[in-house]
Amino acid sequence: MKEKYFPQEIEQKWQKRWAAQKTFEVTEDPTREKFYCLEMLAYTSGRAHIGHVSNFAIGDALAWYKRMRGFNVMHPFGWDAFGQPAETAAIKDGTDPEKFTRDAIAYMKWQFQKMGISYDWSREVATCDPEYYKWNQWFFIRMWERGMLYRKLAPVNWCPREDISLSNEQASGGVCWRCGSPVIQKQLMQWFARITDYADQLLDDLDKLEGKWPDRVIAMQRNWIGRSRGAHVRFKVADSVESIAVFTTRIDTIFGANAIVLAPEHPALEKVLEGKPNRDEVLSFAERLKEQRKTRELEQVEKEGIFTGGYAENPFNNERLPIWIANFVLIEYGTGAIMAVPAGDQRDFEFSRKYHLPFRQIKLTPDGREIPADDLDAPDEDWTTTVNTGEWSGLSSEEANRRMTEHAEARGFGKGAITYKLRDWGISRQRYWGTPVPMIHCERDGIVPVPDDHLPVVLPKGVNLKVEGGSPLDHVPEYVNVTCPKCEGPARRDTDTMDTFVDSTWYYFRYCDPHNDRQPFDPEKIAYWLPVDQYIGGIEHAVLHLIYTRYWTKVMRDLGLVKLDEPIARLLTQGMVNKETYFCPEHEWLFPEQVTEEKTCSICGKAVIAGRVEKMSKSKKNAVDPIEMINIHGADALRLFVLFSGPPDKDKEWSDTGFEGASRYLQRVWRIAYKWRDRIVEASQDRLTIEARELTEYQRKLLRRTHQLIRSITENYEERLHLNTCISSLMELTNEIYTFDQSVEKHHGPTEADVRIAREAIEPLIAMLTPFAPHMSEEMWEAYGHAEDLAVTPWPGFDPELAREEEIEVAVQVNGKLRSRLFASPDASDDDLRSKALADEKVLAATAGQDIVRVIVIPRKLVNVVLK
RNA sequence: GGGGAUGUGGCGGAAUUGGCAGACGCGAAGGUCUCAAAAACCUUUAAGGGUAACCUUGUGUGGGUUCGAUUCCCACCAUCCCCACCA
C-alpha cells in the first residue's frame with residue numbers, strides 16, 4: 001500500500017485482475033439465491049455520457065452489495081445496436097452502418113470498462129448480431145402463426161427529418177421521440193403487433209407493480225393505455241336506414257344532447273350528405289379539416305364545424321338532432337362520432353356557443369339546486385343527480401348511467417363498451433439497419449414465413465443507403481428475389497425491417513443464455529434468473545420500452561416460453577445529471593472558463609446570464625466528459641460523487657467542487673487506512689472477543705458507532721436504496737475513526753486494544769465502501785492482508801448489543817417546546833424519565849406556579865410536560 | 001383540461017408508523033503548520049436579539065387535528081414532468 005492514493009494506477013490494476021479472474025462471471029446455482037441486477041442496454045451512439053455513469057453507478061452499487069450479501073448476482077450488459085442514427089451517420093460518412101456500430105461498441109466498451117463496473121462481459125449481447133436478431137425473426141413468425149401480427153395499409157406517423165415511420169409511442173406528443181420534429185401522417189403498408197389485445201392485462205397487471213415501480217411510470221402507462229368505460233349508442237339517421245354509433249362515458253347526459261358531431265373522416269358522412277343541397281360545400285370543408293389534421297399544430301386550434309343538413313334521432317326521446325362535422329372529433333378514438341352535450345363537456349360547450357346550438361339543463365346538485373345549462377364552472381363532483389331526463393330524472397349519475405345502458409341494451413340501440421387510447425404497435429420500418437422481417441410474398445400462396453431452418457435472414461452487405469422512397473433493401477435484387485417456400489415459384493422477400501424497440505423487448509432474457517443457437521433461451525435458465533430484481537434506466541422509456549417489454553413478456557408466456565406475467569420486479573428511474581450554463585448576449589453559450597469572476601464574458605466583457613441548470617449538451621457547452629473526469633480524480637471518485645449528490649431517482653447538478661470533495665473523501669479514507677495498516681497487519685489476526693468493560697470510553701464509542709452505522713447502511717440498502725445517505729454514513733464512520741485516532745494520540749497509544757478496535761472499524765469501512773469505490777477498496781483490502789477479494793467477502797454484520805447506546809439523550813419539552821435535555825440509560829422506565837424531567841431546573845423554572853395537567857413520556861425519545 | 005410529483009440554511013441534501021429540524025457534503029469565515037503557498041488538521045456557519053448562560057422566530061402560504069406537525073387532513077400559491085380537443 002502506497003502512502004498516497006493514485007486512483008488511475010489502482011483502477012487499472014483491479015480492472016485487469018477482475019477480467020483475468022472472471023470475477024463477475026456467474027452461472028445458475030440452485031443452492032444460492034439469485035439477484036438479477038440490470039441497467040438498460042446502451043444505445044451505440046458512439047460516446048459515453050454522464051448519464052451512463054449515473055445509471056451504472058447505481059446498478060453497480062447494488063450489484064456489489066448483493067454479491068457481498070451472498071447472492072448469486074447476474075449483472076450483464078449489452079448494446080442496442082440497430083437504428084436510424086447509425087444509418088444516418090453512415091450515409092453522411094459514406095461508410096457502412098455495421099462498421100459505424102462496431103466502432104462505437106468498441107469505443108464505448110473501452111469507456112465503460114474504465115469505469116470498472118462489475119459486469120459479466122461473457123454475457124454481452126449486441127442486437128445487430130445475426131445470432132441475436134435471428135430470434136427476433138423466430139418470434140415474429142411464431143406471432144404471425146398465432147395471429148398476433150397483421151399487415152395493413154394504414155396511416156402511420158412519419159418523421160420527415162429522419163425519414164422513418166414511428167409507432168404511436170414514438171410519436172407521443174406529435175413529435176418524433178428521437179429528434180423532436182413534428183410528425184406527419186402517411187399511408188403505408190405496415191406490420192402491426194396486436195398489443196391492444198393485451199390492453200386489459202397490461203393495465204390490470206400494473207396493480208402488481210404498485211409500490212415497486214415509480215408511481216409516475218405506472219400513472220403514465222395507465223394514462224397511455226387509457227381505458228374508459230362507457231357505452232356505444234346508435235343514433236338512427238333520419239330518412240335513411242343508416243345509423244351512427246357514438247361512444248360516451250356519460251350516457252346519463254344524453255337528454256342534454258343537442259347535436260351529433262362526426263369526425264371529417266367518418267365513413268357515414270357520404271350517406272348523410274346524399275341528396276343534400278350543400279353536399280359539395282360540406283365535403284370540401286371536410287377536406288380542409290383533414291388537411292389541418294395532417295400537419296396538426298401542437299397548440300389547440302379553434303373549434304370549427306359545419307352542419308351537414310342531415311338529422312339523427314335520439315333513441316331515448318326521438319328528438320331530431322342535427323348532424324355536424326367538426327375538427328375536434330377524432331376518427332381514431334371511440335367511434336369517430338360524438339353526441340354533443342354542452343352542459344356536460346367543455347368542448348361541446350364551446351362548440352355549441354359558437355354555432356348557437358341549444359343548451360339543456362340536466363344537472364342537479366345533491367342538495368337539489370339546479371345548475372344552469374350554461375354554467376360550466378360548476379365542478380363535476382357537485383352534480384351527481386340528473387334532471388329533465390325522462391324516467392331517469394332524479395337518479396344519481398352513476399345509477400342513471402347503469403340503468404340507461406341497460407335500457408339501451410334491452411332496446412337494442414346501445415351497449416356497454418370499453419375503449420382504449422392504446423393503438424396497435426406499428427413495427428415496420430422501411431430502413432436498412434434493423435432486423436429483416438422474415439416473410440415472403442408469393443403471388444400464389446400469399447404471405448409465407450421463411451422456414452425456421454433458413455433463419456436468420458441476414459442483412460445483405462454493401463447496400464446503397466441513399467435511395468428515394470421505400471427501403472434500401474428494395475433495390476437489392478439478390479435479396480428480394482427468392483423462391484416461395486411453399487410452391488417454390490418465384491416470390492418476393494418482404495423488405496421491411498423491424499422497429500428497434502422489438503430488439504430491446506427481450507434482450508435481458510437472452511443474457512440468461514446468450515449463446516444458445518437452438519432457441520432464444522433455455523426456459524429453465526429463465527426460470528432461475530427472471531424476473532429482473534432491479535431494473536435501472538431513464539424515465540424517457542416509461543411508455544416506450546417499458547410497455548413493449550411487458551407486452552412481449554406476456555406474448556412469450558402465451559407462446560409457452562416463460563412462466564411470468566411481469567418481467568421486472570423493481571424499477572428505478574434515475575435522475576439526470578444537469579449542469580449550470582452560461583449565456584453571453586454577444587457570444588451565446590460559454591464554457592465556464594470563459595466567464596470571469598464578476599460573471600462577465602471574458603471575450604467582450606458583457607454581463608453573463610448564469611445559473612440556469614440544464615441538461616448537459618454539447619451545444620450549450622455544459623457537457624461533462626466522464627473519461628476526462630476519470631483522468632482527473634479516478635472512476636471511484638466520479639461514481640461516489642454522482643451517487644452522493646442526491647437520491648438515485650432525483651435529478652442532480654454537476655459541481656466541480658463536489659467532485660473534488662468526493663476525491664478528497666477517498667483520500668481521507670486512504671490516509672487513515674494507511675496510517676493504521678502496519679499496526680493492524682502485524683497484530684494478531686485472531687478475532688479476539690472484546691470484553692466491553694475492559695475498554696476505554698473512546699474505544700467503546702468507536703465500536704458502538706461502527707455497529708450502528710453498519711446497521712443503518714444495511715437497512716438503507718434493503719429498504720430505500722437512498723445511496724446518498726449510505727455515503728453520508730460512511731463519512732460519519734470515517735470521522736469517528738479520525739476522532740478515535742486523535743484520542744489514541746492523546747493517550748500516547750496505540751495499545752493492543754486500540755489496534756483491535758481500529759481494525760473492527762476500518763475493515764468494515766473498507767468493505768462497505770466497495771459498492772461505491774470498488775477499486776480503492778480492493779486495493780486497501782489486499783493491503784490489509786486479505787487473500788480473498790472483496791467480491792467474495794461477506795458484507796459486515798452488526799451486533800445489536802454492541803450498537804446499543806450506553807446513555808441516551810432525552811428531550812424535555814414544556815407544552816411542546818424544547819426546554820431541556822436529560823441523560824438516561826436506554827432502559828430507563830417511563831417513571832424514571834418523568835421524575836427526572838420534573839426535577840429538571842429549567843422545567844421547574846418554566847412550570848413555576850402553574851398546574852401540570854399531563855406528562856407524556858416517549859421511551860428513549862422525549863418527555864413533554866403539559867400545563868394548564 | 002386530465003394525471004404524477006416537488007417545495008427544508010448561501011448550495012446539494014438529511015430527518016416520515018407524528019417526538020430534539022438542518023445529519024453528511026459543498027461553499028464561506030477564522031485559526032494551526034509553513035519563509036510562503038498548496039495540502040492536511042482544528043473551530044464557527046438557519047435567521048434575529050443578548051457580553052454571556054440563554055431567548056425569540058423558522059421546513060412555500062393560510063387554516064385544521066394533536067400534549068406535540070417538515071411528517072396527517074383541507075384550501076391555496078409556486079415549480080417541474082407526462083398526457084391531451086380521448087367524448
Side-chain angles (χ1 to χ4, degrees), chain A residues 4 172-174 214-224 226-228 230 246-250 253 261 263 293 296 298-303 326-330 332-341 344-348 350-351 419-422 539-540 542-543 611 613 640-641 644-647 649-662 664-665 667-668 671 712 720 722 724-735 738 742 809-821 842 852-868:
Chain A
K4 272 202 73 187
S172 169
D215 289 347
R216 58 172 173 165
V217 174
I218 293 177
M220 280 161 79
Q221 292 211 357
R222 285 216 173 98
N223 220 314
W224 190 257
R227 178 163 68 192
S228 61
V246 153
F247 175 71
T248 175
T249 55
R250 295 300 298 271
T253 65
V261 189
R293 271 306 298 288
R296 97 178 133 157
L298 292 177
E299 66 268 29
Q300 289 198 4
V301 288
E302 211 198 324
K303 288 176 184 46
N327 58 349
F328 71 96
V329 180
L330 308 174
E332 65 267 21
Y333 186 74
T335 60
I338 63 155
M339 60 182 200
V341 183
D345 185 285
Q346 175 79 40
R347 292 154 305 176
D348 298 348
E350 282 173 30
F351 187 73
T419 61
Y420 303 87
K421 287 199 259 178
L422 186 70
I539 185 74
E540 66 272 19
V543 287
V613 176
L640 190 76
F641 164 70
F644 182 55
S645 48
D649 55 337
K650 274 204 170 172
D651 283 356
K652 291 147 198 139
E653 188 186 345
W654 177 270
S655 114
D656 288 325
T657 52
F659 179 40
E660 275 162 34
R664 223 162 28 223
Y665 169 67
Q667 291 174 49
R668 194 168 141 83
R671 272 198 308 276
S712 75
R720 286 185 311 169
H722 276 197
N724 55 328
T725 60
C726 288
I727 296 170
S728 299
S729 301
L730 289 174
M731 288 173 170
E732 281 185 70
L733 179 53
T734 310
N735 292 344
Y738 269 88
Q742 276 176 1
E809 210 181 318
V810 175
V812 182
Q813 298 179 333
V814 175
N815 275 348
K817 271 192 181 170
L818 184 70
R819 290 296 169 192
S820 183
R821 299 159 203 278
K842 286 171 195 154
I852 293 170
V853 183
R854 290 162 72 177
V855 177
I856 286 153
V857 179
I858 307 296
R860 304 167 64 98
K861 292 225 165 118
L862 68 62
V863 179
N864 188 10
V865 180
V866 186
L867 297 174
K868 208 169 25 144

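Chain naming here is simple, since letters A, B, ... match the order of the sequence lines and numbering starts at 1 in each.
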Below the 4.0 Å mark, does [N] have OP1 or OP2 next to a side-chain nitrogen or oxygen of [X]?
{"X": "A:Asn815", "N": "B:G68", "answer": "no"}
{"X": "A:Arg664", "N": "B:G27", "answer": "yes"}
{"X": "A:Arg668", "N": "B:C41", "answer": "yes"}
{"X": "A:Arg819", "N": "B:U56", "answer": "yes"}
{"X": "A:Thr419", "N": "B:A87", "answer": "no"}
{"X": "A:Lys817", "N": "B:U57", "answer": "yes"}
{"X": "A:Asn735", "N": "B:G25", "answer": "yes"}
{"X": "A:Arg347", "N": "B:C86", "answer": "yes"}
{"X": "A:Arg222", "N": "B:C83", "answer": "no"}
{"X": "A:Gln221", "N": "B:G3", "answer": "no"}

If you measure from CG on A:Asp348 to NZ on A:Lys303, what distance do you get to the nearest 0.5 Å? 9.0 Å
As an exercise, state the distance from OG of A:Ser645 to NZ of A:Lys650, rounded to the nearest 0.5 Å. 11.5 Å
Regarding A:Asn223 and A:Arg216, do their side chains bring together a donor and an acceptor under 3.5 Å, going by distance alone?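 Not at all, the side chains of A:Asn223 and A:Arg216 share no donor-acceptor pair under 3.5 Å.
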Nearest nucleotide by nearest heavy atom, which residue falls closer to the 5' end of RNA chain B, A:Asp215 or A:Gly336? A:Asp215
When A:Gly661 and A:Met220 are each assigned the nearest nucleotide of RNA chain B, the 5'-most assignment goes to A:Gly661
Which listed nucleotide ([options]) is nearest to the side chain of [X]?
{"X": "A:Asn223", "options": "B:G3, B:A23, B:C26", "answer": "B:G3"}
{"X": "A:Gln742", "options": "B:A87, B:C24, B:C42", "answer": "B:C42"}
{"X": "A:Thr725", "options": "B:C85, B:A15, B:U57", "answer": "B:A15"}
{"X": "A:Arg216", "options": "B:C24, B:C83, B:C81", "answer": "B:C81"}
{"X": "A:Ser645", "options": "B:G25, B:A87, B:G12", "answer": "B:G12"}
{"X": "A:Phe247", "options": "B:A87, B:C83, B:C24", "answer": "B:A87"}
{"X": "A:Tyr333", "options": "B:C83, B:A87, B:G19", "answer": "B:A87"}

Using the ring pair (Phe, Tyr, Trp, His ring centres under 6.0 Å) rule, pick out the option among A:Phe644, A:Trp654, A:Tyr665 that qualifies with A:Phe659.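 Option passing the ring pair (Phe, Tyr, Trp, His ring centres under 6.0 Å) with A:Phe659: A:Trp654.
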When rounded to the nearest Å, what value does the distance between [atom1] atoms of [N] and [M] take?
{"N": "B:U45", "M": "B:C54", "atom1": "P", "answer": "14 Å"}
{"N": "B:G58", "M": "B:A46", "atom1": "C1'", "answer": "8 Å"}
{"N": "B:A14", "M": "B:G22", "atom1": "P", "answer": "15 Å"}
{"N": "B:G62", "M": "B:G9", "atom1": "P", "answer": "15 Å"}

Base, sugar-phosphate, or nothing: which does A:Asp348 touch, judged by heavy atoms less than 4.0 Å apart?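 The residue A:Asp348 makes no contact with any strand.
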Take A:Val812 and A:Leu862, measure what side chain to side chain contact (heavy atoms under 4.5 Å, CB included) needs, and give me the verdict at the end. CA-CA 6 Å; A:Val812 182; A:Leu862 68 62; over 6 Å; no
Do A:Asn864 side-chain and B:C67 base share a donor-acceptor contact under 3.5 Å? yes
Evaluate the criterion side chain to side chain contact (heavy atoms under 4.5 Å, CB included) for residue pair A:Arg668 and A:Asn735; output intermediate values, then yes/no. CA-CA 9 Å; A:Arg668 194 168 141 83; A:Asn735 292 344; 2.6 Å; yes
